[in-house]
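So the structure is just underneath, and the comments pick up after that.
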2 protein chains.
Amino acid sequence: MQKAPIERDTRQKRAIRDVFEQTGPPLSIDDVLATAKAKIAGLGIATVYRAVRALTDEGFLQAVDLPGRLTLYERADKGHHHHFLCTTCEAVYELDGCTTEVKGALPRGFHATGHDVTIYGTCAACGRTKRSAPKREGRGRV
Amino acid sequence: MQKAPIERDTRQKRAIRDVFEQTGPPLSIDDVLATAKAKIAGLGIATVYRAVRALTDEGFLQAVDLPGRLTLYERADKGHHHHFLCTTCEAVYELDGCTTEVKGALPRGFHATGHDVTIYGTCAACGRTKRSAPKREGRGRV
DNA sequence: GTCGTTGCAAAGCGTTTGCAGCCTA
DNA sequence: TAGGCTGCAAACGCTTTGCAACGAC
């Protein structure tokens with residue numbers, strides 16, 4: 001049987017982990033690269049992909065897959081929650097707590113172990129400025 | 001102002017539309033290409049992409065974006081429903097009707113216009129055969 | 001010193017686009 | 001016949017991988 005290699009503690013991995021420890025909303029690979037580059041000049045994108053994959057495998061991160069967008073990543077220790085996607089400004093918000101109830105029975109023989117919910121609509125900022133959208137590639141915590 | 005060009009009725013478009021008219025579960029681009037090729041030998045993948053995009057724009061199709069999978073497409077006239085993703089055999093099932101209730105208030109100023117729900121778990125087939133999964137790249141209607 | 005990790009560049013994969021010829025209206 | 005549509009191949013954007021040099025232990 002294969003024995004798992006011992007994982008090493010490098011500057012790069014530490015920096016990438018730090019990015020997620022200091023940030024709330026879900027981040028894209030590019031976000032992580034940009035932020036971590038502030039600490040480590042020559043950081044390569046492949047390293048970010050590898051580190052994020054490793055952190056996801058070990059359960060520190062989880063992927064946030066929203067329709068039609070790049071995969072984002074966020075800490076896995078935030079507890080069960082869902083995301084709100086503003087259809088005007090494209091921002092992604094986190095909705096604390098699970099506001100969704102899957103009611104009614106599944107078909108016979110089916111067993112649910114989890115669910116993903118994405119709610120679409122207009123965020124507070126876009127609701128206020130009815131005219132042109134803020135159009136920021138932003139995200140927020142709610 | 002730009003005037004929209006008049007859309008032509010071609011064999012290719014008809015064949016691609018037919019694929020969706022004769023099929024229940026969501027299809028990938030490759031599914032559509034494979035099926036439509038039975039009718040039109042030299043059909044190119046670019047044509048499938050263009051036709052599916054056009055059919056989506058005109059409201060005949062809608063995209064089904066499930067985490068970690070290719071985008072699938074299904075007829076838009078099926079009414080509001082969600083999808084069940086079997087984590088064992090990877091099959092996608094349609095759940096008729098909306099079995100989900102988004103309760104609780106959104107944060108102040110937020111307005112919801114829609115939602116997507118994906119339920120994960122084990123399908124009836126995989127629940128039965130506890131051992132190795134059927135591992136079909138299949139889908140079903142429930 | 002060993003061997004996991006890094007950064008670069010190339011490859012991979014799904015999707016889009018440019019273009020010359022085709023075919024519908 | 002006009003001009004939208006097609007199939008091909010190239011381009012594209014994101015992600016993964018091969019590899020030699022690097023550096024943690």
Side-chain angles (χ1 to χ4, degrees), chain A residues 1-19 26-58 60-74 90 92 137, chain B residues 1-19 26-58 60-74 90 92 137:
Chain A
M1 159 192 161
Q2 296 286 30
K3 77 170 175 218
I6 297 126
E7 194 175 303
R8 287 184 188 172
D9 180 28
T10 64
R11 296 190 310 134
Q12 289 84 343
K13 282 185 197 161
R14 238 175 295 131
I16 290 166
R17 184 176 226 117
D18 283 354
V19 171
L27 301 173
S28 71
I29 293 291
D30 277 338
D31 294 332
V32 178
L33 178 62
T35 310
K37 245 183 177 160
K39 291 180 186 170
I40 303 192
L43 186 63
I45 195 166
T47 301
V48 177
Y49 274 106
R50 282 186 278 231
V52 166
R53 155 108 59 111
L55 290 170
T56 304
D57 287 348
E58 76 182 51
F60 177 74
L61 293 180
Q62 65 188 2
V64 179
D65 255 301
L66 301 175
R69 331 191 92 233
L70 300 183
T71 301
L72 306 177
Y73 296 88
E74 63 183 4
E90 303 284 301
V92 177
E137 174 43 59
Chain B
M1 159 189 165
Q2 297 283 29
K3 78 171 173 212
I6 296 126
E7 193 175 306
R8 289 185 185 172
D9 181 27
T10 63
R11 296 190 309 134
Q12 288 85 343
K13 281 184 197 161
R14 238 176 294 131
I16 290 167
R17 184 177 226 117
D18 284 354
V19 170
L27 302 174
S28 71
I29 294 290
D30 277 337
D31 293 334
V32 178
L33 178 63
T35 311
K37 244 182 179 162
K39 290 181 186 171
I40 303 189
L43 185 64
I45 196 165
T47 301
V48 176
Y49 274 106
R50 282 185 278 232
V52 166
R53 156 108 56 113
L55 290 170
T56 303
D57 287 348
E58 76 182 50
F60 176 74
L61 293 181
Q62 65 188 3
V64 179
D65 255 301
L66 300 175
R69 331 191 92 235
L70 300 184
T71 302
L72 306 177
Y73 296 87
E74 63 183 3
E90 302 286 300
V92 177
E137 174 43 59

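Here is how names work: the chains are called A, B, and so on, in the same order as the sequence lines, proteins then strands, and each is numbered from 1.
- When all heavy atoms are compared, the tightest approach of A/Lys37 to A/Leu43 is CE-O, 3.5 Å.
- As a whole-Å value, the separation of A/Arg14 CZ from C/dT6 C1' is 14 Å.
- Rounded to a whole Å, the CZ atom of B/Arg69 is 13 Å from the P atom of C/dT15.
- Considering only residues two or more places apart in sequence or on other chains, A/Leu70 meets the side-chain contact (heavy atoms from CB on, under 4.5 Å) condition with none of them.
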### Summary
Expected string for nucleotides 4-14 of chain D under the B/S/- scheme (protein heavy atoms, under 4.0 Å, primed atoms plus P, OP1, OP2 as sugar-phosphate) is BSBBB-----S

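- Considering every non-hydrogen atom in both A/Arg17 and A/Glu58, the closest pair reads NH2-OE2, 2.7 Å.
- Not one N or O on the side chain of B/Asp57 forms a donor-acceptor pair closer than 3.5 Å with the backbone of B/Ala54.
- Checked by atom type and distance alone, the side chain of A/Asp31 pairs as donor or acceptor with a backbone atom of A/Ser28 at under 3.5 Å.
- Following rounding to the nearest Å, A/Arg53 (CZ) and C/dT5 (P) show an atom-to-atom distance of 13 Å.
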